[in-house]
**Q** 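Quick one: this structure, given as structure tokens, is what I'll be asking you about.
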Protein chains: 2
Amino acid sequence: MSSRRDAVHDTLRQSEGFRSAQDVYAEMRQTGAKIGLTTVYRALQALADHGKVDVLRNDDGESVYRACATGEHHHHLVCRRCGHTVEVAGPDVERWAETVGAEHGFTEVTHTVEVFGTCSSCSTPVGAG
Amino acid sequence: MSSRRDAVHDTLRQSEGFRSAQDVYAEMRQTGAKIGLTTVYRALQALADHGKVDVLRNDDGESVYRACATGEHHHHLVCRRCGHTVEVAGPDVERWAETVGAEHGFTEVTHTVEVFGTCSSCSTPVGAG
DNA sequence: CCGGGAAATGAAAATGGTTGTCAAAATCGC
DNA sequence: GCGATTTTGACAACCATTTTCATTTCCCGG
Ligand SMILES: [Zn+2]
Ligand SMILES: [Zn+2]
Ligand SMILES: [Zn+2]
Ligand SMILES: [Zn+2]
């Protein structure tokens, strides 16, 4: 229905890592797209609600979004330098979370798991001769 | 040095779960403490910087703090209803995070892991009996 | 006890991401 | 074409957090 929402989704698909609403907005405007910030926020929220994109909070507390390849439950390995993101599965972690919750009598157990690091490209020594 | 910082720390110790700066401030004022909101923010940040309290972001993006029993690396099992928090260890998760990072050539790997659920007290049926 | 300088404090203003408002514009159904 | 419905986006409102800056407190030598 919404060409704007699709445009937002497309913009996100072109990005490798997680992007904030403001990022997406700026990029779309830069490429000549005619869209308002409010609409970008709404599109992003709608996409997240529909499970079309993943959302998490960065260190600044901003919501950042990413169009992941899979709709399955997964987590992320994110380069804190360049933002390069790898989707990773962790069956052990899934089990662990469930177990830990059950051990303490918790139900409806969910979890958040994110892994950060410096990717190989970014960890290549710059000053090494 | 700072009696204020100690007061903030004490207030946090009296809380079972994670509390926001505004929460702590409100509670301290309620109990008659003479302190400003700015100072509460600063004390909380300082305590977090010194590893004296744990900090994470709640669903609203607010920073929430907790005075944990151990200074060791650990994670949390949090009741999303009453905030009841259990400190949990997850050696398997620690290993998994390292492994996943290494497999993809990432270095300086860190992670965030939080488990949420409904604690036994909160999951007791209310209308039953 | 006195004074100066550094550190701590907090009221008020600024910041900034996000959400709410609401009128205009686009779309739909007929 | 036309009214009903949805979408859009400029702008204002929100609200947690930060910054500012003048005042207060603390520390310490004299
Ligand atoms: Zn990188
Ligand atoms: Zn998982
Ligand atoms: Zn509970
Ligand atoms: Zn860990």
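Chain A is the first sequence line, chain B the second, and so forth, proteins listed ahead of strands; every chain is numbered from 1.
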**Q** Could you grab the distance from atom CZ of B:F18 to atom CD of B:E62, nearest 0.5 Å is fine?
**A** 13.5 Å
**Q** When you measure from every atom of DNA chain C, which of residues 13-29 of chain B have a heavy atom less than 4.0 Å away?
**A** none
**Q** Going by distance alone, is a donor N or O of one side chain under 3.5 Å from an acceptor N or O of the other, for A:T112 and B:E114?
**A** no
**Q** Among residues 57-67 of chain B, which residues get a heavy atom nearer than 4.0 Å to DNA chain D?
**A** B:E62, B:S63
**Q** Have B:R80 and A:T110 got a donor and an acceptor in their side chains that come within less than 3.5 Å?
**A** yes
**Q** Students often mix this up, so state it plainly: with edges at 30° and 60°, are the rings of B:H111 and B:H75 parallel, tilted or perpendicular?
**A** tilted
**Q** Between the side chains of A:Y41 and A:Q22, is a donor N or O closer than 3.5 angstrom to an acceptor N or O?
**A** yes
**Q** For the pair made of CZ in B:R5 and C1' in C:dT9, what is the distance, rounded to whole Å?
**A** 13 Å
**Q** Which value, rounded to the nearest 0.5 Å, describes the distance between B:M28 atom CE and B:I35 atom CD1?
**A** 4.0 Å
**Q** Side-chain heavy atoms nearer than 4.5 Å, only ILVMFWY residues, links allowed to pass through others: does that put B:L56 and B:V40 together?
**A** no
**Q** Do B:R66 and B:E87 meet the salt-bridge criterion of a basic N to acidic O distance under 4.0 Å?
**A** yes
**Q** Consider only side-chain N and O atoms of A:R5 and A:H9, and report whether a donor and an acceptor are under 3.5 Å apart.
**A** no
**Q** Is there a side-chain contact between A:E27 and A:D23 (heavy atoms, below 4.5 Å)?
**A** no
**Q** In residues 35-55 of chain B, which residues come under 4.0 Å of DNA chain D by heavy atom?
**A** B:T38, B:Y41, B:Q45
